[in-house]
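Data first, discussion second: the structure below is written as structure tokens.
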Amino acid sequence: MGDGPLGERNIMKTPDTIPNWINGKECEALEGRSFEKINPTDGSVLFKVTRSYKAEINVAVESAKNSQSEWAAVPPVKRGLILHDIVMSMIKRKNDIAEIVHKETGKSIKDALGETGGAVECGLFYASEGQRLYGRTTTSGVPNKYASTIRQPVGVAGLIIAANTPIANVVWKVFPALVCGNTAVLKSAEDTPATAWAFGQIAHEAGIPPGVLNIVQGYGEEAGTPLVKHPDVGVISFTGSTEVGRFIQQKTGERLAKVSLELGGKNPLVVCDDADLNNAANWVLLSAFSNAGQRCASGSRIIVFESIYDSFVKTLIKKTRELKVGDTNDDDLGPLINETQLNNMLSYITKAKNEGATILFGGKRLTDEKHRNGFYLEPTLIENVDPKAEISQCEVFGPIACLYRVNNYKEALDLANESSYGLTGCIHTKNFDRANHFIQNLQAGVVVVNAGTFGSEPHMPFGGVKQSGNGTREPGTEAINIYSNLKDVYINISNIVS
Ligand code: NAD
């Protein structure tokens, strides 16, 4: 299936209604409820999606709970080998996966394949983690006593994800949860149901035992909330907005469940007067507009030294004008994931304009023949906005970047930190001292020098400070701390020498 070169169309057949995966079987909602998944490139109905509620969540959690002790008894190395088989199957079917991601999100096949490659790297890393899952041996203050730690699964993991990079988001959570010996219920993103379904098919074909990975389709409040509140779910891992993250923190707090929150960002990219301006402009475009700005790590606040501002902005506008919007491999950015998101972008822009902002480029829905039925927004550059205004402070999650003028490095750093978020940030400079000061003093979970505001590599711990998260880190080995509990072990022996 689908093992051909880039762009080969050989799609895994998606069902008319995308089902749940519960206890190793595909099933629809108890009363046959469904909703429609809309194609973001042309507004047509792609397929129907099973609409799950509390009843379906209860069945999925029951299935995960019943399978957990058996799965935990599989040695971690063997669990890793089963996960490795899933990765091998993903590699073999990478074109199928990319085709589904492309179809659901409207991003190009090329970008969908890149995302699938990232998911494969992440899966490989965690499959090998079955050979590590390190505890610690250490010293004791008491004679003939030996202290160490071992790792144990939490139990049932509830996984809730966003739609922006659907296959990467699935893998990022499922693999560390399972390698640690948990079973899982994944609440798929409502805008990318088929990607999660396809992963379920690949995982089951590769030999994941029934009940170990359950995938439930549905909306956040209807299917996500019952999962968050379920007393048998020991850990919730969530990737999504800060608003929903705050709700999840409260609900899991009531029953003291473990929780990992990977939330939003309003990420600064600073361009100093000594930067390579062409390189900086290229990275601004990638940071702000790749994946149509639907990235928690997108660079949405571009902070530029006054002395180079005018020439830099001129270059930036010229390069932005050259960007192509559409869903083919020749395009640079695709549509927003749904029409509501597109309308949200347009109202952010209108409000900013009413408050005195200048739209340097873009700002409108694309209405020409090719784009008019899709959810396409022009890549948008805005200036003359107050750093305290809504568009400066709220994560918009679309292809919109605001530009700010600063007189010196100190003003740039202060402005970069003037945000309730703290996910990523980047500085462009050739000055070693500035770069290092920025590394130390930016309030963020990730800092980059001379490139873009991007997420981390799969073996590195990603996450934010302030309202970008709750301090946990995923993926990397650090994610293991979310999905396992440490147990202290003390062994006391008799003194056989005396
Ligand atoms: P969202 O918070 O609206 O939804 C995310 C997921 O949560 C979806 O599956 C949704 O169905 C579910 N959900 C919504 N309400 C819920 C509720 N009351 N209870 C339980 N589940 C609920 O976010 P979105 O608009 O789909 O995604 C964009 C957001 O995700 C942005 O804020 C972005 O920054 C963030 N994000 C963060 C990271 C990261 O690693 N930090 C990565 C990708 C996206």
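Computed over heavy atoms, backbone and side chain alike; hydrogens, waters and symmetry mates excluded. When a ligand or atom number is given, it counts from 1 through the structure's own listing order.
Atom numbering of ligand 1 starts at 1 in the shown order; those under 4.0 Å from a heavy atom of Phe247 are 18 (N), 19 (N).
Between Glu221 and ligand 1, a contact under 3.5 Å exists for no N or O pair. Note: no N/O pair closer than 3.5 Å links Tyr219 and ligand 1 by distance alone. At least one N or O atom of Thr225 sits closer than 3.5 Å to an N or O atom of ligand 1. Considering backbone and side-chain atoms alike, Lys187 places an N or O below 3.5 Å from some N or O of ligand 1. In terms of polar-atom proximity, defined here as any N/O pair under 3.5 Å, Gly218 makes no such contact with ligand 1. Any N or O atom pair closer than 3.5 Å counts here, and Gly220 shares at least one such pair with ligand 1. The N/O atoms of Glu395, backbone and side chain alike, include one that comes under 3.5 Å of an N/O atom in ligand 1. For Val244, no nitrogen or oxygen atom sits less than 3.5 Å from a nitrogen or oxygen atom of ligand 1, counting backbone and side chain alike.
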Could you walk me through whether Glu104 and Lys107 pass the salt bridge (Lys or Arg N to Asp or Glu O under 4.0 Å) test, one step at a time? CA-CA 8 Å; Glu104 293 199 301; Lys107 66 180 77 172; over 6 Å; no

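A donor-acceptor contact closer than 3.5 angstrom is absent between the side chains of Asn66 and Ser63. One side chain, Glu26 or Trp197, offers a donor N or O that lies under 3.5 Å from an acceptor on the other. Looking at Ser392 and Tyr404, their side chains do bring a donor and an acceptor atom within 3.5 Å of each other. Ser34 and Glu28 are not linked by any side-chain donor-acceptor pair at a separation below 3.5 angstrom, with hydrogens and angles left out of the test. Side chains of Thr477 and Glu129: a donor-acceptor N/O pair is absent below 3.5 angstrom, by distance only. Side-chain N/O atoms of Asn169 and Asn164 include a donor and acceptor closer than 3.5 Å. In summary, the side chains of Lys103 and Asn39 do not present any donor paired with an acceptor at a separation below 3.5 Å, with no hydrogens or angles considered.
Within a 4.0 Å radius of atom 4 (O) of ligand 1, the protein contributes no heavy atom.
At the top of the distance list for atom 41 (N) of ligand 1, counting protein heavy atoms only, stands Leu263 O, 2.7 Å. Nearest protein neighbour of atom 28 (C) of ligand 1, counting heavy atoms only, is Phe397 CE2, 3.4 Å. The protein heavy-atom contact nearest to atom 24 (P) of ligand 1 is Ala162 CB, 4.5 Å. Atom 9 (O) of ligand 1 has Ile161 O, 2.7 Å as its closest protein atom, hydrogens excluded (heavy atom only). Ranking protein heavy atoms by distance to atom 38 (C) of ligand 1, first place goes to Cys296 SG, 3.1 Å. Scanning the protein for heavy atoms near atom 7 (O) of ligand 1, the closest one is Phe238 CE1, 3.1 Å.
Seen from the ring of Phe454, Arg295 counts as a face-on cation partner, given the 6.0 Å and 45° thresholds.
Within the 4.0 Å heavy-atom criterion, neither part of Gln341 lies near ligand 1.
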